[in-house]
Amino acid sequence: MKYYLDLINDLEKGNIAPVYLFYGQESFLHEKAVQRFREKLLMPPAGEFNLDILDGEEVTEGDIVVRAQTPPFMAGWRLVVVRHAPFFTGSPGTSSNKRTRASSRDTATPLLAYMQKPTPTTCLIFTTTHPVDQRGRLFKSLKETGRVVEFTYLKTRDLVRWLEKQARLAHKTITPAAAGLLVRRVGPSLFVLSQEMAKLISYTGCRETILEEDIYRLTVPALEENIFNVVDAIGERRIGAALKGIRELLQQGQTGPAILAMVARQFRLILQTLELNAGKRSPGEAAAKLGVHPFVAQKLLAQSCNFTREQVVTALQKLLDLDRAVKRGRLEFYPGIEMLLLEMGRGTVS
């Protein structure tokens, strides 16, 4: 959240760069930032006359430069926003943009020339949710004369605070446990969370507090949570619950091989956790070693207590055998996984 707050603080202080690149997955904050720039820069009476919003997949570099070099009507700033900008990513696009990007390796492309001498009365903002090539000349040139901001997903604690604020704005409260549950079930995207909060606010009606039971009732669990639940149930020998979770994954459109791959990945992470001597590591330390989110590491530490190393190794081998049998047509997925889990429940796999 700090990157966003720093950006807005600079905007309010009048520290405005001539060119920006907003990139990263948190598209909700992209739009919020662009809206704040509109409110700050487009003052009446000219207002929206000094605004251009372009689709980066439909315009050329030359089109953008022409808009950016146009003086503002009356006085103040001109704001040019280029959404879905492909110029920094190398992602596929229209044929015209392919030609433009191919030529961007040359020294005299319109955007590269503009970056070296941007119009001082224009604020040009590019946005993209795709990774960018930080070694590219266009990226480096923009970074020299403008500002690059990576819009990453917020940390869980910041997401919980954001949800609590949204509840207050609607004259409601959401318990920290309920807010954390909502994040775990639908993921870190503020766009998705804002939609789910709107549903919860409407659903609770006159009731002031949003509870965990409301979230369980209204939201569909994220894929990762379903996998956690399945493996939890396997580790606790609740085979009926594990099979129920697998049926839910199938209903969500996951295929048998995909489910096997996800369950196997979870067991590999559990094995790595066991080998890290899990009992002596904090979730933060385990997360750093495993390359996962601290919340995921906390779940892995808990799940590793349900298995011995030998049980996990055996389970991985059985999952591999089942995967081969399903892919070769020797066995149907659901009967095969049901038989495997029943064996695990009886302890014959360990």
Side-chain angles (χ1 to χ4, degrees), residues 3-4 6-8 10-11 16-42 46-70 72-73 76-104 109-115 118-119 121-134 136-143 145-154 187-195:
Y3 67 82
Y4 178 77
D6 288 345
L7 175 67
I8 300 306
D10 281 346
L11 174 64
I16 302 164
V19 190
Y20 290 86
L21 171 60
F22 297 164
Y23 76 99
Q25 294 177 296
E26 188 41 83
S27 58
F28 183 89
L29 288 183
H30 285 195
E31 292 303 314
K32 285 291 184 184
V34 168
Q35 183 59 36
R36 295 294 291 271
F37 272 78
R38 290 177 67 167
E39 294 167 358
K40 181 70 174 178
L41 302 183
L42 303 181
E48 301 293 306
F49 288 108
N50 286 324
L51 172 67
D52 281 302
I53 298 180
L54 309 174
D55 185 337
E57 293 289 352
E58 300 296 330
V59 297
T60 65
E61 292 189 8
D63 297 330
I64 296 166
V65 171
V66 167
R67 303 293 183 99
Q69 290 178 334
T70 302
F73 177 66
W77 285 85
R78 183 170 192 82
L79 178 61
V80 179
V81 180
V82 184
R83 293 195 173 107
H84 318 300
F87 312 105
F88 305 89
T89 66
S91 60
T94 60
S95 57
S96 63
N97 277 333
K98 287 178 181 177
R99 289 194 298 271
T100 303
R101 284 194 296 278
S103 68
S104 68
T109 63
L111 269 183
L112 192 58
Y114 181 83
M115 295 302 173
T119 303
T121 54
T122 294
C123 180
L124 172 59
I125 300 176
F126 297 94
T127 73
T128 179
T129 56
H130 295 289
V132 300
D133 179 7
Q134 299 188 23
R137 296 190 64 195
L138 195 57
F139 180 93
K140 290 179 179 178
S141 183
L142 187 152
K143 195 171 182 180
T145 56
R147 184 170 176 185
V148 174
V149 184
E150 183 181 7
F151 283 68
T152 56
Y153 285 136
L154 304 188
S189 166
L190 286 178
F191 178 75
V192 176
L193 286 169
S194 65
Q195 292 181 316

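Side chains included, hydrogens not; waters and symmetry mates left out as well; all remaining heavy atoms used.
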(request) Could I get the full list of side chain to side chain contact (heavy atoms under 4.5 Å, CB included) partners for Val192, not counting sequence neighbours? (result) Val186, Ser189, Glu196
(message) Going by side-chain hydrogen bond (donor to acceptor under 3.5 Å, both in side chains), name the residues that satisfy it together with Gln134, two or more places apart in sequence or in a different chain.
(response) Tyr23
(message) I want to check something: taking the side chain as every heavy atom from C-beta on, are Glu150 and Tyr3 in contact at a cut-off of under 4.5 Å?
(response) no
(request) Quick one: list whatever passes salt bridge (charged side-chain N to carboxylate O under 4.0 Å, His left out) with Glu31, sequence neighbours left out. (result) Arg83
(request) Mind listing the closest non-hydrogen atom pair of Asn50 and Trp77 along with its distance? (result) CB-O, 3.3 Å
(message) Quick one, Arg36 and Tyr4 - any side-chain contact, counting heavy atoms below 4.5 Å?
(response) yes
(request) To the nearest 0.5 Å, tell me how far Ile125 CD1 sits from Phe37 CZ. (result) 5.0 Å
(message) Which residues pass the ring-ring contact (aromatic ring centres under 6.0 Å, His included) test with Phe49, not counting sequence neighbours?
(response) Phe73
(message) With rounding to the nearest 0.5 angstrom, report the CD to NE2 distance, Gln25 to His130.
(response) 10.5 Å
(request) Could you tell me whether the side chain of Arg78 and the main chain of Arg67 form a donor-acceptor pair under 3.5 Å? (result) yes
(request) Identify, with sequence neighbours excluded, every residue that meets side chain to side chain contact (heavy atoms under 4.5 Å, CB included) alongside Lys143. (result) Phe139, Val148
(message) Heavy-atom count check: over 12 atoms from other residues, nucleotides or ligands less than 6.0 Å from Lys32 NZ?
(response) no
(request) For Arg147, enumerate each residue passing the side chain to side chain contact (heavy atoms under 4.5 Å, CB included) test, keeping only those at least two apart in sequence or located in another chain. (result) Asp6, Leu7, Asp10, Ala17, Tyr20, Val149
(message) Quick check against the 3.5 Å criterion: does Thr122 have a side-chain atom that pairs as donor or acceptor with the backbone of Leu124?
(response) no
(message) Measuring from atom CG of Leu138 to atom CD of Glu61, what distance do you get when rounded to the nearest 0.5 angstrom?
(response) 6.5 Å
(request) Measure from the side-chain N and O atoms of Glu26 to the backbone N and O of Leu154, and report whether any donor-acceptor pair falls under 3.5 Å. (result) no
(request) State, yes or no, whether a side-chain contact exists between Phe88 and Leu142 at a heavy-atom distance under 4.5 Å. (result) yes
(request) Could I get the full list of salt bridge (charged side-chain N to carboxylate O under 4.0 Å, His left out) partners for Asp63, not counting sequence neighbours? (result) none
(request) Return the minimal non-hydrogen interatomic distance between Pro118 and Val19, and the atom names on each side. (result) CB-CG2, 4.0 Å
(request) Pick out which of Phe151, Phe126, Phe28 makes a ring pair (Phe, Tyr, Trp, His ring centres under 6.0 Å) with Phe22. (result) Phe151
(request) Quick one: pull up NE2 in His84 and CG in Leu54 and give me the separation to the nearest 0.5 Å. (result) 11.0 Å
(message) Would you say that Tyr114 contacts Gln69 through its side chain, given a criterion of any heavy-atom pair below 4.5 Å between the two side chains?
(response) yes
(request) Ignoring hydrogens and angles, tell me if any N or O in the side chain of Thr129 forms a donor-acceptor pair with the backbone of Ser27 under 3.5 Å. (result) no
(request) Grab the two heavy atoms, one from Ile16 and one from Cys123, that are nearest each other, plus how far apart they are. (result) CG2-SG, 4.2 Å
(request) Can you sort out the partners of Thr121 under side chain to side chain contact (heavy atoms under 4.5 Å, CB included), two or more places apart, ordered by chain and number? (result) Pro72, Thr119
(message) If we ignore hydrogens and angles and just use 3.5 Å, is the side chain of Thr145 paired with the main-chain N or O of Met115 as donor and acceptor?
(response) yes
(request) Measure the spacing between CG of Leu79 and CD of Glu39 and express it to the nearest 0.5 Å. (result) 11.5 Å
